[in-house]
Amino acid sequence: MEPILNQLFAGVSYGSILLLIALGLTFTFGQMGVINMAHGEFIMFGAYTTYVLQEVLGKDQITYAFLLSLPIALVVAGAMGLLLEMTLIKRLYGRPLDTLLVTWGVALVLQQLARDIFGANNVEVVSPTWLEGGITVFGIDMAYNRLFIIGLALAITAAAWVVVGKLKQGRRMRAVMQNRQLAGASGINTPSVDRRTFFLGSGLAGVAGVAITQLGSVGPNLGTNYIIDAFLVVIVGGLGHLRGAVIAALALGILNSLAEYWSSASLGKVIVFMAIVVFLQFRPQGIVASESRGLA
Amino acid sequence: MTTFVKSFVPSNRSEWSSRATFVAVAILFLFVFPAWLSDSRLDLMASYVTYAIVALGIAIAWGNGGMLVLGQGLFFGLGAYCVGMYLALVEVGGAPNLPQFMTLLGSQETLPALWEPFNNVWFALSAAVIVPVTLATILGTLIFRSRIRGPYFAILTQALAGAFAILLIGNITLINGTNGITTSFSEIFGLSLFEPADQRVLYTIVVIVLGIAFLLSRQMLKSRYGRLLLAVRDAEDRVRFLGYSATKIKVIAFATAAGLAGVGGALFVLVGPKIISPASVGIIPSITMVVWVAVGGRASLAGAIAGAILVNTAEFEISSAAPEYWLYFQGALFIGVVAFAPKGLAGAATWLKEKVTSRGSSSTTSTSKTAEEAA
Amino acid sequence: MTTEPFLIDELLKIRGLEVDFDGFKAVDGVDLDVRLNEVHFLIGPNGAGKTTVIDCVTGMTKPTDGSILFDDVQLRGKRENAIVKMGIGRTFQTASVFEALTVEENLDLAASFRFSMLKLLRQRRGTTEAVERALEDTGLTDVRHKEAGTLSHGQKQWLEIGMLLCQDPKLLLLDEPVAGMSPEERTRTGDLIRLTAERCTVLCVEHDMDFLRRFADRVTVMDEGKILKPASTVAEVQADERVQEIYIGKGRGIEEKAEEAST
Amino acid sequence: MQTLGGFVSTREKGSRFWLAAILVMCLSAFVAVGCGSDDESSSSGSSTSSSADSGDTIKVGILHSLSGTMAISEKSVVDAEQLAIKEINAAGGVLGKQIEPVVEDGASDWPTFAEKAQKLISEDKVAAVFGCWTSASRKAVLPVFERNKALLYYPVQYEGMEASPYIFYTGATTNQQIIPALEYLKEEKKVKKLFLVGSDYVFPRTANKEIKLWAKANGMEITGEEYAPLGSTEFSTIVNKVKASDSDAVFNTLNGDSNVAFFKQLDGAGLPSSKLPIVSVSIAEDEVRAIGADKVEGQIVAWNYYQTTPGAANEKFVKAYKAEYGDDRVTDDPIEAAYVAVYLWAEAVEKAGTTDVEKVKEASKGLEFDAPEGKVVVDDENQHITKTARIGVINKEGLIDTVWESDGPIEPDPFLESYPWAKGMTPVDG
């Protein structure tokens, strides 16, 4: 039983990473119909933000550097997203497939940029001491860094829910998502809403990047490892639905770790993919059905 | 006899120019390149030609059918592995013998059942086409029937290619994992893959296969089916409410693209680096294949061919001259073409042509435009 | 009204139709009869569920309950293309034609809808009689080689109707065919519908009362997913107080429109 | 077939043209190929090395991944090779000529490696190529070098079971690295139960196959064998399995990025190196720099060279490397092996008096060189070099201290022919 419980915890933990990444995608992909393949590179730059701060503040201020990097990464990645939106994506609304390809080109450039700035080698991000180690509850080993990420995912999901559900900004976002022309006609400044949404969605990727520094290495290829899984979360969850994204992220995370446990890491991924294809046979619109007309 | 001769005289100007272009390009590939390029460069060109066959399929599915196929590496890989397995068996002298890596990595004493039929060249060659087509038909039916399209379809195909690469890597004792299948010496139909003279014959075969694939694809796009495919791309519901099965139409294009990718893959292991490994089938190579077609002009068959060959040539040259800049270049190329010149090279060619023959009668230019773009 | 003494063939018979979008009843227990060879109008304010009824008939939306009989055959559960092959054609609110293809190619594809895949893969040579007739009927002969994307809004609507005429349908469902048209275009569209009605039955969803007066044989009024007034003559409908009320009393609020657009 | 039917049956005028065009093209093309092939084939065979030293300089190729996932590891190796070339040139070059490196990018893509190898040989006419890191890239270029009778110097430890006549292997084969590490675990650490973790590719698979055979013969129990996809950073499942297995030690053949994630996550699960020793064969000083020394302090690694290896040759090498590329850079085993490779080739060329491949091969037999790792000798038969096995422990500064050393250099035995337990490896000669 213990191994299974441990696997469940691993699944929840992996799911919460996916959720952190997918949240940003839920905004940009779900609400704006923009397939941003450079989302993974925003994650990467979020992670490098932590590294830079740690180098600037010095190794004895690790906790500061780490906590400070959460908001700063949000701004850094958000600004990059904003720039991308204003220069390229703006021109491509209504051409979702082209956005996908263009942002992939952007991703290539950003990867090489990271390589040129920070070197091809991975860089070292030191964890704050309070995130090292872990506790064992009912035989489940829970590492502090994983607990932290789960908590962060929860907090950010809650914040996103408040923003989208309760605030004026969120209502505007939903209005634009449902009917761009109508929202524009009824006095909403749609380009401005687009920019803000994109800023937020990309910024969340940066925050996810900060979290990921606690698990693995920080290098130019960091983002590519997660991006496809995160897109699958958004697809399975349903277009632009927070609830769907949460359920899908956890489900995929848990399925992934259980499949890995009973088969092997490689086969696990294949099993998960097959499960997704089968699932979409029954619910092509995702876990949470969307009434808005899908992307063509 | 005169009618027979007459049948070679084209009926209109656009037909004239497309035939003349075809003959000119055929001469370029079949006579100029072999005379001009060194053995190794010609062998390399042969591998670009196999890429061009893959690109044709992408132009059909994506450019004309609106299905962004981001997982063509899967079908390319299936075709390539089918023939690769045959070549690996030839190298060790036929069926009961095990390819080298099996004894090195695994503990099999006998050839796995999966490998057994690939001892036959005809089986291997036909499987290289039939397996991708069948898989694409099944997957396509499942995906299109549940109305998964647009970016959803694109990301699913991408994940598919990723999963396939992982599966190959994971099955190391069966299919040699990351290393993939390479041969140091092998032959097919008595043609050695490593003798320059035989390589030239293989090059010619590959070019001719491309020519046939091009003509068949062209025919397909010019038919009513081709129009229907454009119709599905632009207004799928309308097609469905005209009484057609949009699923069927899309599956045929998807399966055709898969088949062409399979053919390309099957030929790919015979020429150029003569290696097939997961590195050639995963997510990144699959997107790269779309880059070729985007650069060439997504809806244009001729553009797809030109794109595949030019992008690969450019990659080879630029990455030699300045490896650190190739990624920047590739990224910029992609951004520039997709965002600002979605018609790619083909669009540029049409524009140029219209500039030159600016006084064509307006009605014929508009009708022939889509047909030309398709060709 | 279901028991009329003199039986006129009811081509389309809808009973107890119900559509539920996640708890929202877009169509709630609708009965509707369309008689052979009539021009039947379905009217009602925005969000009344008119288009949803058409969507159900053509298989685009799956009803939660009820039956749809066409020529005494149950349509529920059939695929869209099978329904078309039974002889039901439809247009969309915004004209849906193949913009990258020429007018002629548009019509030709519509006319070839019974071809096998093998036949479709052959190259097209010349045009069929049905296509020529549709070109004539819709008055698009002059622009036959133009790409459909370059046509005016009205021409696109006519092309779409022309495409359906090529298919020789028994029942034609038109979804707001004159929305956004100039008065002259409306007249031409009306004439086209009249011409169409000589060959098949027409069910038309429309807002425009003036247009309805001129061309309708019978009218059914819907409101909030229910039948407000079953099939009646134009005069009866115009005299009905409730109908006047929903048309004058209810403002076309922006929220409702947004809701409709997003469903 | 459907399209074919449609194509052929159309009686449209045009199709006859296309059919005829194809037929004519086919025929004439084959005729042309048939005529052209005779003179082509004769000229292409053995002309590779003749022009390598005909000018004022001697060209050599450097073929590593400068982009893609493997660039992380391979860039430092390129630096080492460039350094060696610079030093040799400063000392007068070889045969009185300057060495001119031609650098090509393999882009972490195996077909690209093969293409670029072919280009270096047939177009740049290089005298030798220094290159490759992964086994897959080496396997991809191997036929190219054998076919063209050209030379490759391969600088990385690998899984063995290979001895191409046209490759010199300056990294360790398994009996110079893995077997000593296992013996160290058995003798010094008294390990009874060993867990195997590796990236899912050829080196870990082959290494683990050997380890399992060795364990069987030496009474050690293998408690688990897990592989992660290359580049994977999610290890919770494997960490759980390691934990559940109750092993004494882990033998780690993970590659690159994955190590960082694996160690961080092991640490998080309460398995620091003090509790569970991990022997790694793919982590050198360069990787430690990226992982963070505190994460791996006290971990055991097995190599043939460390930056701290004593000796004048090494002091000189480390000093030169840091002077060239910066004080924060470190040297490690593959870097040193790449550096040695260039010197071995240069010495052999001097000895042979020519860059002709066959003569260089002949001159290399038994060639000795005073390398930073100590004196190495090129094996007559398998073209590997002798190497001293060194087990090290990672220290606070991220450098590695040697804690155990083999008695002198070990003879390379890529096919493990001198080990009775290794019969199951059934070597196949290539």
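Proteins come first, then strands; the chains are lettered A, B, ... in the order of their sequence lines, and each starts at number 1.
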* D/Lys86 NZ: over 12 foreign heavy atoms closer than 6.0 Å ->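 No - once you tally the heavy atoms of other residues, nucleotides and ligands closer than 6.0 Å, there are 12 at most.
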* Report the residues that fulfil side-chain hydrogen bond (donor to acceptor under 3.5 Å, both in side chains) with D/Asp79, sequence neighbours left out, ordered by chain and then residue number. =>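 Partners of D/Asp79 by the side-chain hydrogen bond (donor to acceptor under 3.5 Å, both in side chains) criterion, ordered by chain and then number, come out as D/Arg329.
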* All pairs passing salt bridge (charged side-chain N to carboxylate O under 4.0 Å, His left out) where residues 143-153 of chain A contributes a residue, at least two apart -> A/Arg146-D/Glu234
Non-hydrogen atoms of chain D under 4.5 Å away: do they reach the side chain of [X], the backbone, both or neither?
| X | answer |
| --- | --- |
| A/Leu258 | neither |
| A/Gln111 | neither |
| A/Phe9 | neither |

* To do: Heavy atoms only: give me the nearest A/Ala10-D/Asn240 pair and the separation to one decimal.
  =>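 Closest pair (atom of A/Ala10, atom of D/Asn240, distance): CB-ND2, 4.2 Å.
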* **Rounded distance [0.5 Å steps], NZ in D/Lys241 versus CD in A/Glu260** =>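 Here the rounded value is 7.5 Å.
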